[in-house]
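Each remark here refers to the structure printed beneath this line.
Residue numbers start from 1 in every chain, and the chains themselves are labelled A, B, ... in the order their sequence lines are given, proteins ahead of strands.
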Amino acid sequence: MRIVSWNINSVRLRIDTLKKVADALQPDFMCLQETKAQDSDFPTDAITEAGFTRQLVRGMKGYNGVAILSNAAMSDGGSRDWCAREDCRHVAADIGDKTFLHNFYVPAGGDEPDPKINEKFAHKMDFLSEATDWSAKLPKKGRHIMVGDLNIAPHENDVWSHKQLLKVVSHTPVEIDALEAWRAAHGWVDAIRAIVPEDEKLYSWWSYRNRSWPGSDKGRRLDHIWVSPALAPKVTDAGVYRDARGWEKPSDHAPIWADIDI
DNA sequence: ATGGTTGTGCGACAA
C-alpha cells in the first residue's frame with residue numbers, strides 16, 4: 001500500500017498537477033494539505049475522474065483545508081478540531097482492518113518564535129501539545145499512520161543549514177523538542193527517516209522566495225509520514241518526490257510517499 | 001539584503 005502526502009497549496013489551481021503526481025506515484029491514499037477551498041468549491045468531479053472515487057474533505061474559505069483521496073473503501077476515522085478552532089487542519093480515515101490514516105496540517109507559526117509576542121507561534125505550540133496528548137491516548141498496539149505538513153524540520157540534515165536556521169521558525173529547539181514529545185507519546189516511527197539515513201540531507205519544501213530552487217537547494221523537511229510501532233517493520237520504502245518541485249507552477253512542497261506492506 | 005514569491009480573492013493576510 002502506498003501513501004502519498006502533499007501540501008498542494010490550492011487544489012483548484014493544481015488539479016492537473018495532482019493528476020500528474022497520481023500518475024507518477026500511483027498512491028492508494030493521497031493526503032492533501034492547504035487545499036484552500038471550501039467544501040462546496042472542492043473539485044470533486046475532476047478528482048473522481050482522476051481515479052479517486054472516495055474523498056474525505058475538510059475545507060474552508062481561503063486558508064488551510066485537508067483531504068484524503070482514494071479509490072479504496074474508507075470512512076471517517078475521527079476527523080476533529082484542534083485548539084478549539086474550526087480551521088480544517090485534520091482529517092482521518094478508517095481504512096479497514098483496524099487501521100487508521102490521519103492527515104495533519106500543523107500551523108506554520110508566523111515569523112517570531114516567541115509565544116508571548118506571537119499569537120501564531122503560541123497556536124503552533126498549543127497544537128503540538130494537543131496532538132501529543134492525543135497520541136499518548138492511542139493504543140500502543142494500534143495500527144495508525146500519521147502524515148502531513150507538520151511545519152517542523154527536526155534533524156540537522158532536515159534543513160540546508162542547521163546553524164543558520166536554529167532561530168528560524170520550523171527549526172527552533174523548542175519546536176524540535178515539542179515534535180519529539182509528540183513522536184514519543186505513541187512511539188511513532190518516522191517512516192521516511194527509517195528508509196533515508198539521517199546523515200543524508202533530505203528536504204520536502206523550498207520557499208518560493210529567493211532562488212532556493214533548484215540552484216542553492218535551500219530546503220527544509222517539513223512534511224512527514226509516521227507509523228505506529230506495530231507498522232514500522234512493514235515500511236518497505238519511502239522518499240520525497242523532488243521532481244514535482246521543478247514542474248511548471250509548482251507547489252512550494254514536494255509530495256512525500258511511503259510503501260507499507262499491509 | 002529587514003528583501004524575496006505565491007495564493008486567495010480583490011484588500012490584506014498567510015505562508
Side-chain angles (χ1 to χ4, degrees), chain A residues 5-18 20-21 31-44 46-47 57-67 81-83 85-90 103-115 117-128 147-154 158-161 163-172 174-175 178-179 203-224 240 242 244-256:
Chain A
S5 173
W6 185 30
N7 181 321
I8 193 171
N9 189 17
S10 172
V11 68
R12 286 173 290 173
L13 192 71
R14 259 178 276 285
I15 189 76
D16 290 335
T17 318
L18 174 63
K20 228 177 130 178
V21 169
C31 302
L32 302 176
Q33 304 89 35
E34 283 208 89
T35 53
K36 294 187 175 177
Q38 55 192 329
D39 290 355
S40 57
D41 290 336
F42 195 81
T44 307
I47 288 175
V57 177
R58 292 191 77 206
M60 60 189 282
K61 195 176 168 72
Y63 306 105
N64 310 331
V66 286
D81 292 328
W82 301 78
C83 302
R85 300 181 190 215
E86 296 175 9
D87 55 0
C88 301
R89 293 180 179 278
H90 174 247
N103 178 16
F104 282 93
Y105 175 50
V106 171
D111 288 332
E112 196 57 52
D114 181 350
I117 60 169
N118 175 7
E119 188 278 331
K120 291 181 200 165
F121 195 76
H123 179 209
K124 183 177 198 173
M125 298 309 295
D126 287 347
F127 194 104
L128 296 169
V147 311
D149 177 1
L150 305 187
N151 265 315
I152 298 172
D158 292 341
V159 291
W160 62 274
S161 168
K163 199 175 167 186
Q164 291 185 67
L165 288 170
L166 269 174
K167 291 180 178 173
V168 175
V169 170
S170 73
H171 194 62
T172 64
V174 63
E175 291 168 272
L179 189 70
Y203 317 131
S204 64
W205 173 87
W206 296 259
S207 174
Y208 286 130
R209 305 177 203 184
N210 66 51
R211 288 178 290 279
S212 66
W213 179 273
S216 54
D217 200 16
K218 291 183 175 178
R220 307 178 203 171
R221 191 171 73 101
L222 304 180
D223 302 275
H224 302 273
V240 175
R242 261 178 81 109
R245 184 61 178 82
W247 294 348
E248 199 167 332
K249 292 278 284 177
S251 167
D252 46 354
H253 292 255
I256 61 171

Using the C1' atom as the point on both nucleotides, what is the distance between dG9(B) and dA14(B), in whole Å? 13 Å

What does the B/S/- profile of nucleotides 7-15 of chain B look like, 5' to 3', with a 4.0 Å heavy-atom cutoff to protein? SSS----SB

Looking at D81(A) and R58(A), is there a salt bridge between them, counting it only when a charged N and a carboxylate O are closer than 4.0 Å? yes

Which value, in whole Å, describes the distance between the P atoms of nucleotides dA12(B) and dA1(B)? 31 Å

Could you tell me how far dG11(B) sits from dG7(B) if I compare only their C1' atoms? Round to whole Å. 14 Å

Nearest whole angstrom, please: distance from the P of dT6(B) to the CG of N210(A). 11 Å

Does the pair E119(A)/R85(A) count as a salt bridge with the N-to-O cut at 4.0 Å? yes

Rounded to whole Å, CZ of R245(A) lies from P of dT5(B) at a distance of 13 Å

Atom OG1 in T35(A), atom CH2 in W6(A): separation rounded to 0.5 Å? 12.0 Å

Using the P atom in both, what is the distance from dC13(B) to dT2(B), to the nearest Å? 22 Å

Going by distance alone, is a donor N or O of one side chain under 3.5 Å from an acceptor N or O of the other, for S5(A) and Q33(A)? yes

Closest approach of A108(A) and N151(A), non-hydrogen atoms and distance? CA-ND2, 3.4 Å

Is the W213(A) ring parallel, tilted or perpendicular to the W206(A) ring (thresholds 30°, 60°)? perpendicular

